There are 2 protein chains.
Amino acid sequence: MNIGEISRETGLTAKTIRYYESIGLIPPADRKANGYRAYAPNDVATLKFISRARTLGFSLDEVRGLLTLWHDKARASADVKAMALEHIAGIEDRIQELEQVKNTLVHLTERCHGDDRPECPILEDLAGS
Amino acid sequence: MNIGEISRETGLTAKTIRYYESIGLIPPADRKANGYRAYAPNDVATLKFISRARTLGFSLDEVRGLLTLWHDKARASADVKAMALEHIAGIEDRIQELEQVKNTLVHLTERCHGDDRPECPILEDLAGS
DNA sequence: CTTGACCTTCCCCCAACTGGAAGGCTCATA
DNA sequence: TATGAGCCTTCCAGTTGGGGGAAGGTCAAG
């Protein structure tokens, strides 16, 4: 299996897969006689695992930890759960921040006429008036 | 006014202020005889404007546009409002995404015992079981 | 024999800074 | 006068998670 094929199967670009290898997130792929990377069906599962974890917002460093736990058959599910809960907390913080920013902007836009006159409460607020 | 003083007044680090100058977000500061940057009280207002816009999540490129509008006394408030509304839409999208990710993670953690046994629905889901 | 689709490595680019090195300036104090 | 603290200067590199594209090797089809 060439990198292009596993790329299509996993939805990750070839660039991304090479990048994951370069930072040691996945082990160096075997090489064919011509120097091409050779992937096994097993590698599809690993890359999909990574892809899903990324979709859930885990950083590559966190993914590294998840991969370790995944391969550790003696792991404690508490460790995984702790990571997930911490991640949820971070997401909640981020949502809070965004909500606050959004509310401020909504208030400002409501007070802005939005016509061809220059008076603008949004700019006035940014200017600290 | 040295860069350190305007830094304390605006809450932006000296590094950041130099960076803003380097990318042309603010004009090059005047220099004193010793080569130090010299700031006027007026510059405090500009930097605070930038800082507030950043707090509201505008990118530096958007801030550039806001600064232009701010200085343009013939601006139409509709232009500012359009930027703000678009920004709000982007924030709402981001919140939606985060909510979805959070919900998924919450569901998964609820099904995970979180004890010293290895069975873990979180990892199973990532593995695509 | 050539064409096109692969693959390889390499280095630069993005945002929005931050950290640190190496050096110059200024002022107070011993 | 020296020295030390605390400013300031420029420049280079690193962060996250890759993307773009060059220069070149490989492979199968026509």
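Keep in mind that what you see is a predicted model, and the values were worked out from it rather than measured. Here is how names work: the chains are called A, B, and so on, in the same order as the sequence lines, proteins then strands, and each is numbered from 1. Keep in mind that the numbers below use all heavy atoms, side chains included, and drop hydrogens, waters and symmetry copies.
One finds the CZ atom of R54(B) at 7.0 Å from the OG atom of S59(B) (value rounded to the nearest 0.5 Å).
Applying the ring-ring contact (aromatic ring centres under 6.0 Å, His included) test between F49(A) and each of F58(A), Y20(A), W70(A) identifies W70(A) as the sole match.
Between H113(B) and E119(B), the closest side-chain pair of non-hydrogen atoms is not below 4.5 Å. Side-chain contact check for H87(B) versus I91(B): some heavy-atom pair is nearer than 4.5 Å. Contact check for L12(A) versus I6(A): no side-chain heavy atoms found under the 4.5 Å cut-off. Considering only heavy atoms from C-beta on, I50(B) comes within 4.5 Å of L47(B) through its side chain.
Applying the 4.0 Å criterion to OP1 and OP2 of dT16(D), one finds that Y19(A) has every side-chain N and O outside that range.
The residues R18(B) and E21(B) are annotated as not salt-bridged, no charged nitrogen and carboxylate oxygen being separated by less than 4.0 angstrom. E97(B) and R94(B) are joined by a salt bridge, as a carboxylate oxygen and a charged side-chain nitrogen come within less than 4.0 angstrom of each other.
Rounded to an integer number of Å, the gap from CZ of R37(B) to P of dC7(D) is 17 Å. Atom-to-atom, CZ of R31(A) to P of dG25(D) comes out at 16 Å; the value is rounded to the nearest Å. In this structure, CZ of R18(B) is placed 7 Å from C1' of dT9(D), rounded to the nearest angstrom.
Listed for the D125(A) side chain is no donor-acceptor partner under 3.5 Å among the backbone atoms of I122(A). A distance-only check finds no donor-acceptor pair linking the side chain of S51(B) to the backbone of K48(B) [under 3.5 Å].
Where F58(B) and N34(A) each meet DNA chain C at their nearest nucleotide, the meeting point lying more 5' is that of N34(A).
Residues S7(B) and A14(B) approach most closely at OG-N, 3.7 Å, considering heavy atoms.
Counting non-hydrogen atoms under 4.0 angstrom, I23(A) reaches nothing in the nucleic acid.
The base of dG25(D) sits within donor-acceptor range of the side chain of Y36(A), with an N or O pair under 3.5 Å.
Interface residues of residues 5-16 of chain B facing DNA chain D, ordered by number: K15(B); criterion, heavy-atom separation under 4.0 Å.
Contact footprint of chain A on DNA chain C: nucleotides with an atom under 4.0 Å from a non-hydrogen protein atom, first to last in 5' to 3' order, dC6(C) to dC10(C).
When the local axes at the two ends of the helix from dC1(C)-dG30(D) to dA30(C)-dT1(D) are compared, using 5 base pairs at each end, they differ in direction by 40° after rounding to 10°.
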